[in-house]
Chemist: 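Sharing a structure here in structure tokens format.
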Amino acid sequence: LAQPAELNSVFQPEDLQEDFILFQRILEQAHGNLYTYNDTTEIKRELSKTYSALDRSMSYPEFYQLLNGALCFINNQQTTVSYPDEYLKQVYKLETFFPLHLRLISQKMYCDDRLSVIPVGSEVLSINGKRFRDIYFDALDIIPTEGRNKTYAYRELERAFPFYYTQLYGPIKEYEITFMDPVEGESKTITMAAVSYNDFLQRQNKKQSLKNVRPFSYTYIDSIRTAVLTINEVEEKNNKRLKKFLKNNFARLKEKKGQYLILDLRKHGSQNEAIYPLIFSYLSQRSYKEVNDAQTVGLRVPFKELLTGKIKRQTKAVEKMLIQKFVEEDSGYFTLNPNMNPVFISENDAFSGNLYVLIGGNTLNSGVALSSLLRNENKATFIGEETGGNYYGHSGGVMLTYKLPKTGMILRVPKIHFIHYVQNNYFSEDSGIIPHYTAEVTPGNIIENSDPVMDFTIKLIRLGNVR
């Protein structure tokens, strides 16, 4: 049994080794496609190298870094390791976290915290004497991404910078911050007290609520006959609402005779697989499949005794679904039964005007699957930054959550790998969707609190630029 998750827990080599052996076996026996970006030999070599490092006692953060370093080599963004909940509850209360909200721009961090004494838009040059560039590269070593693409890591680092800083360098009571003042044009240094991560998250949530972030929204700009459809995180409980929302608003768009549609998927990383075919049906009248194929390593859920959370109660239903939908191939993998992957023809009166899709590092899972369908058709103009998800496929469907017995660390593994319905090989195999137009945030945008991606798109429409 795992020992209690105490803040100062230290684990002996034999306990770490036992958990790591299970960690590797779970990956090999449960992951939908562990070898998407690296072959079997390369991954086994990396995991063996990681195991060899378990020759000494380690704290939670040390083991966390080691496991995530291995996952970074596997390059599957959906495969994650996290601390036990009881450990995080204790850690989040400690006033040892970096106090500011930051934005990452071209490997540099800028202050985006209007409650700070540091001016908004200031570049953070160093923290406690450590150059930000060094912090940046250290952090990328513990944030798993999809393929060789790093845009998800950029967005994740700016979302949770205080968390990653503490994992790398330990708890700190005060932070000496050197920054470049954007007004006076000179570097300054101040010392700020640490905050609890709970306080940091509350301020972050308040910031989101002020922006009125909703699962989905629709607005219409009469002056340029343009609709803006935003799809963020959509939970399954909202699927019926989304279906009605799409039906009503595409009818409104048709009545308005709207010529342009901006589809904002920059925060659409949902694992809700049911919604992207629905949205696509309003954007294309061509026949399509939800996926080209899907793949899993077996029809059973392995290591049931280590499962935790609601998936523990769902294993029978999961295995029934796998047996129904997958057939075994000569390779030993199981692929989607063709009878379970029909061709669809949209019944909706699809939008036929000019479509612009906004993408970024948080465009993942359902968001990147939808983007891939649209990009494959060459139907839309893509604007923003490279998607965090891969053009050719994504993992998910069923997320298996395991608790390692000695340390209590939580391992989440996607049971299924989906291969997107694309025929045009526009990008490299380990790449996201690269936009036609790159539009990035600048320090000036932070100061002005403006959205350069949306502004650029509206400017294109006003100028009549259609790719």
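Predicted model only: the values in this text are computed from it and were never measured. For this chain, numbers begin at 1 and follow the sequence in order.
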Chemist: Is there side-chain contact between Val343 and Lys289, with heavy atoms separated by less than 4.5 Å?
Modeler: yes
Chemist: Apply the side-chain contact (heavy atoms from CB on, under 4.5 Å) test between Pro144 and each candidate in Asn75, Asn68, Ile74; give the one that qualifies.
Modeler: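 The residue from Asn75, Asn68, Ile74 that satisfies side-chain contact (heavy atoms from CB on, under 4.5 Å) with Pro144 turns out to be Asn68.
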Chemist: What's the spacing between Asp39 CG and Glu42 CD if we round to 0.5 Å?
Modeler: 4.0 Å
Chemist: Can you tell if the side chain of Glu377 reaches within under 4.5 Å of the side chain of Leu283, non-hydrogen atoms only?
Modeler: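 They are not in contact (no side-chain heavy atoms under 4.5 Å apart), so the answer is no.
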Chemist: Take Tyr169 and Asp138 through the test side chain to side chain donor-acceptor pair (under 3.5 Å) and record every step on the way to the result.
Modeler: CA-CA 10 Å; Tyr169 309 118; Asp138 286 347; 2.7 Å; yes
Chemist: Please check this pair: side chain of Thr226 against backbone of Ile224, looking for a donor-acceptor N/O pair closer than 3.5 Å.
Modeler: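 Checked: pair present.
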Chemist: Would you call the rings of Tyr391 and Phe427 parallel, tilted or perpendicular, where under 30° means parallel and over 60° means perpendicular?
Modeler: perpendicular
Chemist: Distance check, rounded to the nearest 0.5 Å: Leu307 atom CG versus Gln314 atom CD?
Modeler: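 Separation between the atoms: 10.5 Å.
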Chemist: Return the CD1 to CZ distance between Ile143 and Arg159, rounded to the nearest 0.5 Å.
Modeler: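 Going from the CD1 atom of Ile143 to the CZ atom of Arg159 covers 9.0 Å.
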Chemist: Run Leu94 and Thr166 through side chain to side chain contact (heavy atoms under 4.5 Å, CB included) and show every step you take.
Modeler: CA-CA 11 Å; Leu94 299 177; Thr166 299; over 6 Å; no
Chemist: Counting heavy atoms not belonging to Lys130, are there more than 12 under 6.0 Å from its NZ?
Modeler: yes
Chemist: Do Gln78 and Gln271 come within less than 4.5 Å of each other through their side chains, counting heavy atoms only?
Modeler: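 Sidechains of Gln271 and Gln78: in contact.
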Chemist: Are there more than 12 heavy atoms of other residues, nucleotides or ligands under 6.0 Å from atom NZ of Lys150?
Modeler: yes
Chemist: Kindly assign one of parallel, tilted or perpendicular to the pair Tyr87 and Tyr60, based on the angle between their ring planes and the thresholds 30° and 60°.
Modeler: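 The arrangement is tilted - the two ring planes meet at 30° to 60°.
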Chemist: Taking it one step at a time, do Val318 and Ile311 satisfy side chain to side chain contact (heavy atoms under 4.5 Å, CB included)?
Modeler: CA-CA 9 Å; Val318 168; Ile311 191 64; 4.0 Å; yes
Chemist: Taking the side chain from Asn238 and the backbone from Val234, do they hold a donor-acceptor pair closer than 3.5 Å?
Modeler: no
Chemist: Verify, without hydrogens or angle tests, whether Asn365 (side chain) and Gly367 (backbone) share a donor-acceptor contact under 3.5 angstrom.
Modeler: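 It does not hold such a pair.
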Chemist: I need the minimum non-hydrogen distance between Arg214 and Asn232, along with the two atoms involved.
Modeler: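 The pair with the smallest heavy-atom distance is O-ND2, 2.7 Å.
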Chemist: Which heavy atom of Tyr64 sits nearest to which heavy atom of Ser82, and what is that distance?
Modeler: CE1-CA, 4.4 Å
Chemist: What do the steps show when you test Tyr164 against Ile142 for side chain to side chain contact (heavy atoms under 4.5 Å, CB included), and what is the final call?
Modeler: CA-CA 8 Å; Tyr164 289 108; Ile142 61 170; 3.9 Å; yes
Chemist: What orientation do Phe163 and Tyr92 show, parallel under 30°, tilted 30 to 60°, or perpendicular over 60°?
Modeler: perpendicular
Chemist: Classify the ring geometry between His394 and His420 as parallel (under 30°), tilted (30 to 60°) or perpendicular (over 60°).
Modeler: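 The arrangement is tilted - the two ring planes meet at 30° to 60°.
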Chemist: Between the main-chain N or O of Thr442 and the side-chain N or O of Asn445, is there a donor-acceptor pair closer than 3.5 Å?
Modeler: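 Yes, Asn445 side chain to Thr442 backbone: donor-acceptor pair under 3.5 Å.
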Chemist: Give the ring-plane orientation class for Phe161 versus Phe98, where under 30° counts as parallel, over 60° as perpendicular and anything between as tilted.
Modeler: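 The arrangement is perpendicular - the two ring planes meet at more than 60°.
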Chemist: Looking at Arg375 and Glu386, is there a salt bridge between them, counting it only when a charged N and a carboxylate O are closer than 4.0 Å?
Modeler: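 No salt bridge links Glu386 with Arg375.
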Chemist: I would like to know whether Ser116 and Asp113 meet side chain to side chain donor-acceptor pair (under 3.5 Å); could you show each step before the answer?
Modeler: CA-CA 6 Å; Ser116 167; Asp113 198 318; 5.6 Å; no
Chemist: For the residue pair Tyr421 and Tyr288, is the inter-centroid distance of their aromatic rings smaller than 6.0 Å?
Modeler: no
Chemist: Is the distance between the ring centroids of Phe200 and His101 under 6.0 Å?
Modeler: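 Yes, close enough.
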Chemist: Just wondering, are more than 12 heavy atoms of other shown residues or ligands nearer than 6.0 Å to NZ in Lys325?
Modeler: no
Chemist: Quick check: do Phe20 and Leu67 have side-chain heavy atoms less than 4.5 Å from each other?
Modeler: yes
Chemist: Sequence neighbours excluded, which residues qualify as ring-ring contact (aromatic ring centres under 6.0 Å, His included) partners of Phe326?
Modeler: none
Chemist: Is a side-chain N or O of Asn354 found less than 3.5 angstrom from the main chain of Tyr260, in a donor-acceptor match?
Modeler: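 Judged by distance alone, no pair lies under 3.5 Å.
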Chemist: Look at the side chain of Ser122 and the backbone N and O of Cys111, then say whether any donor-acceptor pair between them is shorter than 3.5 Å.
Modeler: no
Chemist: If every non-hydrogen atom of Gly32 is compared with every non-hydrogen atom of Tyr333, which pair is closest and at what distance?
Modeler: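 Of all heavy-atom pairs spanning Gly32 and Tyr333, the closest is O-CE2, 3.8 Å.
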Chemist: Measure the acute angle between the ring planes of Phe216 and Phe245, then classify it against the limits of 30° and 60° as parallel, tilted or perpendicular.
Modeler: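 It falls in the tilted class, 30° to 60°.
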Chemist: What heavy-atom pair brings Asn239 and Ala274 nearest, and what distance separates the two atoms?
Modeler: ND2-CB, 3.8 Å
Chemist: Give me the atom names and distance for the closest heavy-atom approach of Phe97 to Ser196.
Modeler: CD1-C, 4.1 Å
Chemist: Step by step, would you call Tyr276 with Phe280 a ring-ring contact (aromatic ring centres under 6.0 Å, His included)?
Modeler: CA-CA 6 Å; Tyr276 74 84; Phe280 183 74; 8.7 Å; no
Chemist: Could you give me the CA-CA distance, side-chain angles and deciding distance for Thr151 and Asn149, then say whether side chain to side chain donor-acceptor pair (under 3.5 Å) is met?
Modeler: CA-CA 6 Å; Thr151 55; Asn149 167 25; 3.2 Å; yes
Chemist: If we ignore hydrogens and angles and just use 3.5 Å, is the side chain of Tyr175 paired with the main-chain N or O of Thr96 as donor and acceptor?
Modeler: yes
Chemist: When you look at CZ of Arg148, are more than 12 heavy atoms from neighbouring residues, nucleotides or ligands closer to it than 6.0 Å?
Modeler: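 Yes, because the 6.0 Å sphere around CZ of Arg148 holds more than 12 heavy atoms from other groups.
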Chemist: In the structure I gave you, are the side-chain heavy atoms of Gln167 and Tyr83 within less than 4.5 Å of one another anywhere?
Modeler: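 Yes - at least one pair of side-chain heavy atoms lies under 4.5 Å apart.
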Chemist: Does His436 use its side chain to pair, donor to acceptor, with the backbone of Phe382 at less than 3.5 Å?
Modeler: yes
Chemist: Supply the atom-to-atom distance Leu404 CG to Phe303 CZ, rounded to the nearest 0.5 angstrom.
Modeler: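 One gets 10.5 Å once the value is rounded to the nearest 0.5 Å.
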Chemist: State, with a plain yes or no, whether a side-chain heavy atom of Glu146 is found less than 4.5 Å away from one of Leu364.
Modeler: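 No. Closest side-chain heavy atoms not under 4.5 Å.
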Chemist: Looking at CG of Leu278 and CD of Glu290, how far apart are the two atoms once the value is rounded to the nearest 0.5 Å?
Modeler: 10.0 Å
Chemist: So, taking the atom named CZ in Arg155 and the one named OG1 in Thr145, what distance separates them when rounded to the nearest 0.5 Å?
Modeler: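 Arg155 CZ to Thr145 OG1: 13.0 Å, rounded to 0.5 Å.
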Chemist: May I ask you to decide if Gly393's main-chain N or O and Asn390's side chain share a donor-acceptor pair within less than 3.5 Å?
Modeler: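 Answer holds: yes.
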Chemist: Does Asn341 reach the side chain of Asp293, with side-chain heavy atoms less than 4.5 Å apart?
Modeler: no
Chemist: Would you say that more than 12 heavy atoms from the other residues, nucleotides or ligands in this model lie under 6.0 Å from the CZ of Arg114, or not?
Modeler: yes
Chemist: Any side-chain heavy atom of Leu102 within less than 4.5 Å of one from Glu158?
Modeler: no
Chemist: If I compare all heavy atoms of Ser366 with all of Ile275, which pair ends up nearest, and what's the gap?
Modeler: OG-CG1, 3.4 Å
Chemist: Please say whether more than 12 non-hydrogen atoms of neighbouring residues, nucleotides or ligands are located less than 6.0 Å from CD in Gln107.
Modeler: yes
Chemist: Under 3.5 Å, side chain of Thr230 to main-chain N/O of Ser217, donor-acceptor pair present?
Modeler: no
